[in-house]
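Below, chains carry the letters A, B, ... as their sequence lines are ordered, and counting in each starts from 1. What's counted below: heavy atoms across the whole structure, side chains too, no hydrogens, waters or symmetry copies.
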2 protein chains.
Amino acid sequence: MAQTAISSIKSNYDNLNNTEKRIADTIIANPTIAHDFTIQELAVASNVSSASVSRFVKHIGWDSYRDFSVALASHEDSNVFFGEIAETDSTKDIIQKVFSGATNALTTTLEMLDTTTFTAAVDLICNAKTVGLFGIGGSSLVAFNGYHKLLRTSINVQQHPDYDIQLMQAVRMTKQDVGIVISHSGRNHDTLTIAEKLKENNVKTIAITSFAQSPLAKLADISLVSIAEEVNFRAESMSSLIAQLTIMDSLFTAVGFQLGSKTQVVVDNIRNAIEKTRVSK
Amino acid sequence: MAQTAISSIKSNYDNLNNTEKRIADTIIANPTIAHDFTIQELAVASNVSSASVSRFVKHIGWDSYRDFSVALASHEDSNVFFGEIAETDSTKDIIQKVFSGATNALTTTLEMLDTTTFTAAVDLICNAKTVGLFGIGGSSLVAFNGYHKLLRTSINVQQHPDYDIQLMQAVRMTKQDVGIVISHSGRNHDTLTIAEKLKENNVKTIAITSFAQSPLAKLADISLVSIAEEVNFRAESMSSLIAQLTIMDSLFTAVGFQLGSKTQVVVDNIRNAIEKTRVSK
DNA sequence: TTGCATTTTGAAAATTTTTTTCTTAAAATA
DNA sequence: TATTTTAAGAAAAAAATTTTCAAAATGCAA
C-alpha cells in the first residue's frame with residue numbers, strides 16, 4: 001500500500017539501529033513536529049547529527065527529507081479528533097469522534113491489507129461453484145451486504161440470517177465451494193462451529209475478522225483483517241463493521257472486474273429492476 | 001492554522017498582481033504539485049522567478065516556502081486516489097479506490113452535517129415513546145444496524161426487514177412516536193408509502209437519505225443527508241451506506257450519552273450476554 | 001509628452017538547509 | 001592482538017531559499 005510516513009517508520013523499526021531509533025522515537029512521540037522542524041532541528045531534538053537524519057529518511061524509503069516531512073504532514077491532520085468519547089463532549093464532538101473513528105478504521109485497515117492475500121481471496125471466489133456467506137449478530141450485516149453485492153455477479157451465492165439454516169448450508173457445501181465467514185471477535189461459538197463444519201467438508205474458507213490471532217483466523221484458509229481502535233460506549237465496534245463492509249465491497253468489486261462483462265449484464269438487469277421501484281418525481 | 005494553503009490563496013487573489021496570479025493559478029490548477037515541487041520548479045512551471053515565488057508565499061501570509069508547501073500537503077486530499085474504477089486498474093488500485101470512496105463519503109458527510117439538525121433528531125429520539133426504523137433493500141442494513149444499537153438503550157424500538165410488516169408498524173404508530181426512515185435515493189416507492197403513513201398519523205419522522213432534495217427528505221420533519229460521489233460498477237452506492245451507518249451510529253452514541261447511566265446498565269447487561277457466546281481459547 | 005517617483009521583477013549574491021564525503025572511534029571478526 | 005567493518009559526527013559540497021540590487025515598466029503630475 002501507499003506508505004505513510006508513520007507506517008514507513010513503524011514497519012522498518014526493527015531494522016533501525018540506536019541512532020535511527022532515537023530519531024524514530026522523537027517523531028512518533030510527536031508526529032506534528034517533523035513538519036515544523038528543519039532537518040537540523042529534528043537532529044537536535046533527537047540528539048543526533050543532521051547527517052544521521054538525512055540517512056535515516058533514506059533508509060526508511062524516502063527520497064529526501066523534504067519528501068518525508070511533506071508526507072508526514074499530509075497524513076497528520078485527519079485523526080486529530082480521535083479518541084474516547086467523554087461525558088463532557090458536546091454533540092458536535094461526539095459526531096466528530098464517531099466519524100474519525102470510522103475514517104481511522106478505514107485508513108488502518110487499508111494500510112494493513114495485504115494485496116497478495118486479497119488477490120488469493122478474489123481468485124477463490126471467482127472459481128467457486130457456490131459462495132456461502134456466514135455471519136451472526138452484527139456480522140450478519142456484513143454477510144447480508146456481501147450477499148447483496150454478489151447477487152449482482154454471475155456467481156451462485158447463499159446467505160441466510162438464521163443460524164440454524166447457516167449451519168445446514170455449511171454442512172451441505174463441498175470442496176468446490178467457498179465459505180466467507182465473518183466475525184468481529186473471531187471467537188463467537190456459533191460462527192466457529194460453522195467454520196469447523198466447512199473445514200470438515202474441505203470447503204475453502206475466507207475469514208473476515210478484526211483479530212489476526214483469533215481462532216477463526218487460524219482456522220480459515222485466508223483471513224482478511226479489519227483493524228479499528230475501539231471507542232468507548234459500544235458493545236460491538238461500529239468502526240470495524242465499517243472496515244469489514246469496505247473489505248467486502250472491495251472483494252465484490254474486484255471479483256466483478258475479474259469476471260468482466262458477464263457481471264455487467266447482471267448488474268444492468270438488476271439496476272433496471274431497481275429503477276422501476278422508484279417514483280419519478 | 002486557521003487558514004489553509006488554498007484558502008489563503010483564494011482569499012488574497014484579488015490583491016495579487018499578474019506575476020503572483022500566475023503562481024496562484026499554477027497551484028490552484030494542480031494543488032498536488034506544490035508539495036512535490038521545489039520553489040524553483042514551481043517558478044519554472046509558473047513562468048516566473050523563484051524570487052517571485054518566495055515573495056508570493058510571504059504575501060499571502062506564510063513564513064517561508066517550506067511552511068507553505070507543508071500546509072498545502074496537509075490539507076491536500078488524502079484521496080488523491082479517488083475516482084472511477086477503470087478496466088485497467090490492478091487489484092491494488094481497486095482496493096485503494098473503494099477505500100478512498102468510503103473515506104471520502106465520511107469526510108464529505110461530516111462536513112455537511114448540521115449540528116443543530118442533528119441535535120434536534122437526538123432530542124426527538126430521546127423523548128419518543130417508541131422508535132420505528134424503516135428501510136428496504138440496501139437501506140434495511142442501516143435500519144437493522146440502528147435497531148441493534150438502539151436495543152442497547154432504554155428506548156423502545158421496532159424494526160423488521162419485511163416490507164408488509166414495516167407498513168403495518170408504521171400504520172400503528174402515534175404522534176408520541178418517532179419514525180426513522182432510510183432510503184439511499186429518497187424516492188423508493190415503498191419507502192415513501194411508509195413515510196406517508198407516518199405523516200398521516202402525525203408521527204415525527206427523521207429521514208436518512210443521500211439526496212437533500214428527494215421526496216423523502218421533503219416529507220420528513222428532519223433529514224440527515226449522507227453525501228458520496230458514486231463510483232462506477234455498482235447499482236447502489238456502498239459509500240453512502242457507510243456514511244449512513246456512521247450517521248446512525250453517531251445518533252445512537254449521542255442518544256446513549258443523553259440518556260446517560262440508564263443506558264449504560266442496559267449496555268453492560270447485553271455485553272455480558274454476548275460475552276457468554278464467545279469461546280475462551 | 002516629458003520627467004520624476006514608484007512599483008515590479010529577475011539576476012545574482014547571500015544565506016540557509018540538506019546531502020555527501022571524509023575521518024575517527026568503536027565494534028566485530030579473525 | 002591485529003585487522004576489518006560499521007557507525008556517526010564534522011566538515012565540505014551541493015541544493016534550495018531568501019534577500020539585495022538594478023533594470024524595466026508603470027503611474028502621475030506638470
Nearest-Å distance for atom pair CZ/C1', residues A:F56 and D:dA7: 16 Å
Whole-Å distance separating the CD1 atom of A:I23 from the C1' atom of D:dA8: 10 Å
Any side-chain donor near an acceptor of the partner, B:S50 and B:Q40, under 3.5 Å: no
With sequence neighbours excluded, residues passing side chain to side chain donor-acceptor pair (under 3.5 Å) with B:S90: B:D93
Of all pairs that satisfy salt bridge (Lys or Arg N to Asp or Glu O under 4.0 Å), the ones with a partner from residues 49-58 of chain A, not counting sequence neighbours: none
Any residue meeting salt bridge (charged side-chain N to carboxylate O under 4.0 Å, His left out) with A:K199, in chain and number order, not counting sequence neighbours: A:D221
Where protein sits on nucleotides 11-25 of chain C, one letter per nucleotide: B base, S sugar-phosphate only, - none, heavy atoms under 4.0 Å: B-----BBBBB----
Those residues that, when tested against A:T191, pass side chain to side chain donor-acceptor pair (under 3.5 Å) (two or more places apart): A:N188
Partner set under side chain to side chain donor-acceptor pair (under 3.5 Å) for A:S250, not counting sequence neighbours: none
Stems involving DNA chain C, each a run of at least 3 consecutive Watson-Crick or G-U pairs under 3.5 Å: C:1-30 with D:1-30
Listed once per pair and sorted, the salt bridge (Lys or Arg N to Asp or Glu O under 4.0 Å) pairs that draw on residues 206-215 of chain A, sequence neighbours left out: none
Set of residues satisfying side chain to side chain donor-acceptor pair (under 3.5 Å) with respect to A:D25, sequence neighbours excluded: A:Y13
